[in-house]
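So the structure is just underneath, and the comments pick up after that.
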Amino acid sequence: MTTLLTMLEWMLRPLSGAATHSIEPAVYWHARLMVLAWGICLPLGALIARYFKIRPQQDWPAVLDDKAWWHGHRLFQYSGVVAMTVGLVLVWGYSDQSSAAIWLHALLGWAVLVAGWLQMLGGIARGSKGGPTDAQMRGDHYDMTTWRLVFEHIHKRLGWTAIVLAIPTTLIGLAIADAPRWMVMVMLLWWVGLALLGFALQRRGLCIDTYQAIWGVDPSMPGLRRPVTGWGVKRHSSSPWKTRFLKTNESKN
């Protein structure tokens, strides 16, 4: 019992080991909003877009273009961008730049914030959709135009780079704020959990090409005559998706 209480007391103390912890309200809420944005919303939105373009119960490829992943992705990404923007406003003009850690945190923070806004604005400017469900058929995505290809390469690379950069940015911020030790431990466990989840979903072959998820497997479609964009993205045959989802490992077709 004594050991448990000692461990609990250790976890509740700030990282510096100080007996008390004091932080300005603006900085406090800045930290909360940034953790919400870059620790929770944006990583979850990215995982949804990467691994849930087809739902487990969906009868793919008989049932196509299930937009549940799209709505979930936008909800988390927009929420994350709003949260990080409000978090920035709260500390706008904060003058304490007295340490290298604060300077580095600010530099990385601006980098991920700009990346977040570029992701949202780039998504708006991704081009037209097209395809059999579109009255005009032609579209940047269905035809896989140069505009769409450039968007996909930039959007995927920039998004994952920003999320990776957000990890040291958050940890440096928690150190500057002298956050309780349990917060750092929870954040690390959360990121490890997300990484393990992503690894498991990748092993199951669930990172499917967006083009196939929307329009199916007909090889005559213009987008399927081009290579996939992004690392680890798979294309599948017309086998029932439920069967594929239950497999532990999925070979690339």
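On a predicted model such as this, the values are computed, not experimentally measured, just so you know. Computed over heavy atoms, backbone and side chain alike; hydrogens, waters and symmetry mates excluded.
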Could you give the side-chain donor-acceptor pairs of residues 165-174 under 3.5 Å, partners two or more places apart or in another chain?
from : atom 1 : to   : atom 2 : distance (Å)
T169 : OG1    : L165 : O      : 2.7
T170 : OG1    : A166 : O      : 2.7

Could I get the full list of side-chain hydrogen bond (donor to acceptor under 3.5 Å, both in side chains) partners for [X], not counting sequence neighbours?
X	answer
T229	E152, K156
S128	D140
R181	none

Running the 4.5 Å side-chain criterion over Ile, Leu, Val, Met, Phe, Trp and Tyr, what cluster does [X] land in, apart from itself?
X	value
W147	none
L189	none
V192	L196
M144	M137, Y142, L149, Y211, I214, W215, M221, L224

**OP:** Among residues two or more places apart or on two chains, list those pairs meeting ring-ring contact (aromatic ring centres under 6.0 Å, His included) that have a residue in residues 108-128.
**Re:**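 Only W92-W110 qualify under ring-ring contact (aromatic ring centres under 6.0 Å, His included).
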
Applying salt bridge (Lys or Arg N to Asp or Glu O under 4.0 Å) as the test, list every pair that has at least one member in [range]; sequence neighbours left out.
range	result
residues 4-19	E9-R13
residues 99-128	none
residues 208-217	D209-R235

